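What follows is a short report on a single structure.
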Protein chains: 2
Amino acid sequence: MVTVPRWPEDSRSRLVDAAMSLFGEHGYSGTTVDEIAARAGVTARTFFRHFADKEEVLFADDDTLLPGLLASIAAAPGPIAADALMLHALTTLAAVMQPQRPALVARQRIIDTDVSLTGRELAKQARWQQGVTATLIERGFDPDEAEILSAIGFAIFVRALHAWLADDDGPDLADRIRDALPRARTVLDAVSAR
Amino acid sequence: MVTVPRWPEDSRSRLVDAAMSLFGEHGYSGTTVDEIAARAGVTARTFFRHFADKEEVLFADDDTLLPGLLASIAAAPGPIAADALMLHALTTLAAVMQPQRPALVARQRIIDTDVSLTGRELAKQARWQQGVTATLIERGFDPDEAEILSAIGFAIFVRALHAWLADDDGPDLADRIRDALPRARTVLDAVSAR
DNA sequence: GCACTCATGACAGTTCATGACATCACTCGT
DNA sequence: ACGAGTGATGTCATGAACTGTCATGAGTGC
């Protein structure tokens, strides 16, 4: 019956699954690419054809979310206040991430164990932030203001994201973001008032 | 004769100098640790005794600045508004960095060529931000507010830092930070006003 | 069918990183 | 003085992360 591996059979997703489970069992640095490839039934060379490096297997899926985020900013209707636009974009993103929570929790737990993974995550966030800034500018916002706004928006989003992933029971991600914005506004009012 | 390399002669700083010049000549990834060690007159094994990895040679000095930053926050006199405290701390840090501009420009140029270096820089910034947040909390600020404040402070600082490094002629770093704070406040007022 | 593409395997080679052990100059207590 | 540390370094060996190149074999289109 030789279950002839007739066709690629989606090596890529098998590699992701193998990597996630092995990272969970032996930790990120305790897992070799050879082991991941072996569990996925391919060779290490094939791993590097799908992912530029060992870290990328944890981040490759992220890039599928960015276009949607930018589109939700670009497509938001008519003239709109900056903070309303940001809230709209971030809660839309949150809605996409919500059902993936279990996978995201596992992923975050791995990332938090390794400094270089943390750096990679932050670099990716920085690229997202640049994309958001550019899209805001395209919508006519002042460049400097767009940069500051997206910086604050991401600071709030990341805070809410980490809290959401850490609390097993608690509000949805979108609700956390909705709650965080007025709270941040209160803080900023205090600063502005001097 | 035999100019006996009598003694260590500060291998570490020679390694840093060798690394910086080689990175400038052949780029970061185009330079091997063996080459750096050879130019510094030591072996690669010695390189790794001074620096945990190849990247660290670019970041090791950073850690000498953090204690001063935290001290300037902890030691600022009496009751003080959050934004004034942040301005005080960041301009103090800026004064320390100002004379090192040429070296920092070269370093930044190298970091910007490599994603993993960018990530490492951001991870280091994140650690600094956590330290600032903790120090603000120790001074009695509300934890959530401290986190948001340091996030905004770092966003402003990093913006100013990159602009300062990019403009060969222009205001000092401290002046840029002083100018940026009211500008950010204006933006935030606009958001808060909705 | 026949050429073509594309994912993969196979295999060698480079670089980074680290552990084990030896060496050599200098310091310090006696 | 002198012998036991101490610390920075070198040498050797090894593992793991990549990288280049060529071969193969299944599907695809004409």
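Convention: sequence-line order gives letters A, B, ...; per-chain numbering from 1. This one's a predicted model, so the numbers in the text were calculated from it and none came from an experiment.
- Of the charged side-chain nitrogens involved, none lies within less than 4.0 Å of a carboxylate oxygen, so that A/Arg120 and A/Asp62 do not count as a salt-bridged pair.
- For the pair B/Arg45 CZ and C/dC16 P, the computed distance is 14 Å after rounding to whole Å.
- As rounded to whole Å, 12 Å separates atom P of C/dT14 from atom CG of B/Asp34.
- When each of B/Asp168, B/Asp167, B/Asp172 is tested with B/Arg101 by the rule salt bridge (Lys or Arg N to Asp or Glu O under 4.0 Å), just one qualifies, namely B/Asp168.
- When each of C/dA10, C/dA17, D/dG10 is scored by its nearest atom to the side-chain atoms of B/Val42, the top-ranked nucleotide is D/dG10.
- To the nearest 0.5 angstrom, A/Gln130 atom CD is 8.5 Å from A/Glu147 atom CD.
- In this structure, a donor-acceptor pair under 3.5 Å is absent between the side chains of B/Asp61 and B/Thr64.
- Side-chain N/O atoms of A/Ser11 include none lying less than 4.0 angstrom from OP1 or OP2 on C/dA7.
- In terms of modelled atom types and a separation under 3.5 Å, the side chain of B/Arg14 and the main chain of B/Ala40 share a donor-acceptor contact.
- For the pair B/Lys54 and B/Tyr28, the cation sits on the ring face: its NZ or CZ lies under 6.0 Å from the ring centre, inside 45° of the axis.
- For A/Thr46, counting side-chain heavy atoms from C-beta on, the closest listed nucleotide (D/dT21, C/dT8, D/dA17) is C/dT8.
- Residue B/Gly30 is classed as having no contact, given no heavy-atom separation below 4.0 Å to the nucleic acid.
- Nucleotide D/dG7 holds its C1' atom 15 Å from the CG atom of B/Asp10, rounded to whole Å.
- Using bins of under 30°, 30° to 60° and over 60° for the plane-to-plane angle, the ring pair A/Phe157/A/Phe154 lands in the perpendicular bin.
- Near DNA chain C, defined here as any heavy-atom distance below 4.0 Å, there are no residues from residues 111-123 of chain B.
- For the contact set between residues 51-63 of chain B and DNA chain C, defined by any heavy atom under 4.0 Å, the members are B/Ala52, B/Asp53, B/Lys54.
- Spacing between atom CD1 of A/Ile36 and atom P of D/dA16 amounts to 12 Å, rounded to whole angstrom units.
- Between B/Ile110 and B/Gly24 the shortest heavy-atom distance is CD1-N, 4.5 Å.
- Between A/Thr32 and D/dG15, a side-chain N or O to OP1/OP2 separation shorter than 4.0 Å is absent.
- Between the CZ atom of B/Phe47 and the P atom of C/dG19 there is a distance of 16 Å, given to the nearest Å.
- At a threshold of 4.0 Å, the pair A/Arg39-A/Asp17 does not count as salt-bridged, since none of the basic side-chain nitrogens sits closer than that to a carboxylate oxygen.
- Put simply, CZ on A/Phe48 is 7 Å from P on D/dA17, counting in whole angstrom units.
- The base of D/dG10 sits within donor-acceptor range of the side chain of B/Arg49, with an N or O pair under 3.5 Å.
- Checking the phosphate oxygens (OP1, OP2) of D/dA8, no side-chain nitrogen or oxygen of B/His50 falls inside 4.0 Å.
- Rounded to whole Å, atom C1' of D/dA16 lies 11 Å from atom OH of A/Tyr28.
- Heavy atoms of A/Ser29 sit nowhere under 4.0 angstrom from any nucleic acid atom.
- With a 4.5 Å cut-off on side-chain heavy atoms, A/Arg178 and A/Asp175 count as touching.
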